[in-house]
Amino acid sequence: MSIRAARADDLASLVEIERAAGETFRSLGMDLVADDDPGSVEELTPYADGGRAFVWVDARDRPVGYLILDLVDGAAHVEQVSVHPAHARQGIGRALLERAASWAGARGLPALTLTTYVDVPWNGPYYERLGFRYLAPDEETPGLRALRDHERAAGLDAWPRACMRRSLRRR
Ligand SMILES: CC(C)(COP(=O)(O)OP(=O)(O)OC[C@H]1O[C@@H](n2cnc3c(N)ncnc32)[C@H](O)[C@@H]1OP(=O)(O)O)[C@@H](O)C(=O)NCCC(=O)NCCS
């Protein structure tokens, strides 16, 4: 049980993890989110090829959670972090986010960013506990604004969403 880089032969299982993790939104009446496209092997391939996809694997080396990173305006952007519900609340999400922070820190990047739901307990409030803070709209960089526009166009803003940032600079 550990984190490693995602390989091409993991990617189909990551789509399944995404689909299963999305189901958790149904309990909040957010069926639109649960039904959102879970992505595809083709979409995940550049992340794996670029070393920007990490998986948490079980004792048989099978992924049960994953995180993918983009570079957005000079920060490492958490495009997705998902853990299969059968393995939730064991600190896997936190460990994947710490791995992302190490990856970004090793490259001299100043921050992790993400977009998320403000009122979902395992989204905004969870990330706040992990050191992220909400960005005011005028703090959003052009790349983050473009991502938010895309999300709005996909209908995902039926519930409050926001950008968050975790600084990686030592104080
Ligand atoms: C967000 C996610 C990756 C966290 O993974 P995880 O391995 O369960 O995370 P951790 O074990 O580090 O912490 C989970 C915390 O989330 C919160 N949480 C998770 N599920 C919850 C629920 N059903 N109700 C309330 N809080 C919940 C709790 O604060 C929990 O900590 P606790 O168990 O100590 O109380 C996972 O919940 C997930 O895949 N969710 C669906 C997809 C998603 O929302 N992705 C993020 C998109 S921005």
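Read the numbers this way: they start at 1 and go in the same order the structure lists the ligands and their atoms. None of the values given here were measured: they were computed from a predicted structure.
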How does Phe25 reach ligand 1, if at all, at less than 4.0 Å between non-hydrogen atoms: by side chain, backbone, both, or neither?
-> side chain
Please determine if Thr24 has a nitrogen or oxygen closer than 3.5 Å to a nitrogen or oxygen of ligand 1.
-> no
Can you tell me the protein heavy atom closest to atom 11 (O) of ligand 1 and the distance?
-> Gly91 N, 2.7 Å
Between Ile17 and Gly65, which heavy-atom pair has the shortest distance, and what is it?
-> CD1-N, 3.8 Å
List the atom of Arg19, the atom of Pro38, and the distance in Å for their closest heavy-atom pair.
-> NH1-CG, 3.7 Å
Please report which non-hydrogen protein atom sits nearest to atom 44 (O) of ligand 1, along with the residue it belongs to and the distance in Å to one decimal place.
-> Asn123 ND2, 2.9 Å
Heavy-atom contacts under 4.0 Å between Gln80 and ligand 1: side chain, backbone, both, or neither?
-> side chain
Find all atoms of ligand 1 within a distance of less than 4.0 Å from any non-hydrogen atom belonging to Val83, and give their numbers and elements.
-> 3 (C), 5 (O), 7 (O), 38 (C), 39 (O)
Between the side chains of Tyr66 and Glu18, is a donor N or O closer than 3.5 angstrom to an acceptor N or O?
-> yes
Hey, is atom 37 (O) of ligand 1 under 4.0 Å from any protein heavy atom?
-> yes
Do Arg145 side-chain atoms and Glu140 backbone N/O form a donor-acceptor pair below 3.5 Å?
-> yes
Would one find an N or O of Arg94, backbone or side chain, under 3.5 Å from an N or O of ligand 1?
-> yes
Which atom names give the shortest non-hydrogen contact between Ala6 and Leu14, and what distance separates them?
-> CB-CD1, 4.5 Å
Quiz: residues 106-125 side-chain donor-acceptor pairs under 3.5 angstrom, not counting sequence neighbours:
residue	atom	partner	partner atom	Å
Arg107	NH1	Trp103	O	2.9
Thr113	OG1	His77	ND1	2.8
Thr115	OG1	Glu151	OE2	2.5
Thr115	OG1	Arg161	NH2	3.0
Thr116	OG1	Asn123	OD1	3.4
Tyr117	OH	Leu156	O	2.7

Between the candidates Tyr66, Tyr117, Trp122, which shows the shortest non-hydrogen contact distance to atom 19 (C) of ligand 1?
-> Trp122
Closest heavy-atom contact between Asp10 and Arg7?
-> OD2-N, 2.7 Å
Donor-acceptor pair, side chain of Tyr47 and main chain of Leu67, under 3.5 angstrom | no
Considering only heavy atoms of Thr115, which atoms of ligand 1 have at least one such atom less than 4.0 Å away?
-> 48 (S)
Any N or O of Ser82 that comes nearer than 3.5 Å to an N or O of ligand 1?
-> no
Give the minimum heavy-atom separation between Val15 and Gly39, together with the two atoms involved.
-> CG1-O, 3.5 Å
Does Ala88 reach ligand 1 with a nitrogen or oxygen that is under 3.5 Å from one of the ligand's nitrogen or oxygen atoms?
-> no
Just distances here: any N/O of Tyr126 and N/O of ligand 1 closer than 3.5 Å?
-> yes
Nearest option to atom 29 (O) of ligand 1, as decided by whichever heavy atom of Met30, Gln90, Arg129 sits closest = Arg129
State the CZ-CG distance between Arg94 and Leu96, to the nearest 0.5 angstrom.
-> 12.0 Å
Heteroatom proximity flag, Tyr127 to ligand 1, N/O under 3.5 Å | no
Return yes when at least one protein heavy atom is under 4.0 Å from atom 25 (C) of ligand 1, and no when none is.
-> yes
Consider every N or O of Val81 and every N or O of ligand 1, then say whether any pair is closer than 3.5 Å.
-> yes
Best match, His87, Met164, Arg89: closest heavy atom to atom 20 (N) of ligand 1 | Arg89
Results of salt bridge (charged side-chain N to carboxylate O under 4.0 Å, His left out) for Asp35 - residues two or more places apart only | Arg26
Less than 3.5 Å between some nitrogen or oxygen of Gly93 and one of ligand 1, yes or no?
-> yes
Between Trp56 and Ala95, what is the shortest heavy-atom contact and its length?
-> CZ3-CB, 3.8 Å
Shortest protein heavy-atom distance from atom 41 (C) of ligand 1, along with the residue and atom involved | Ala21 O, 3.5 Å
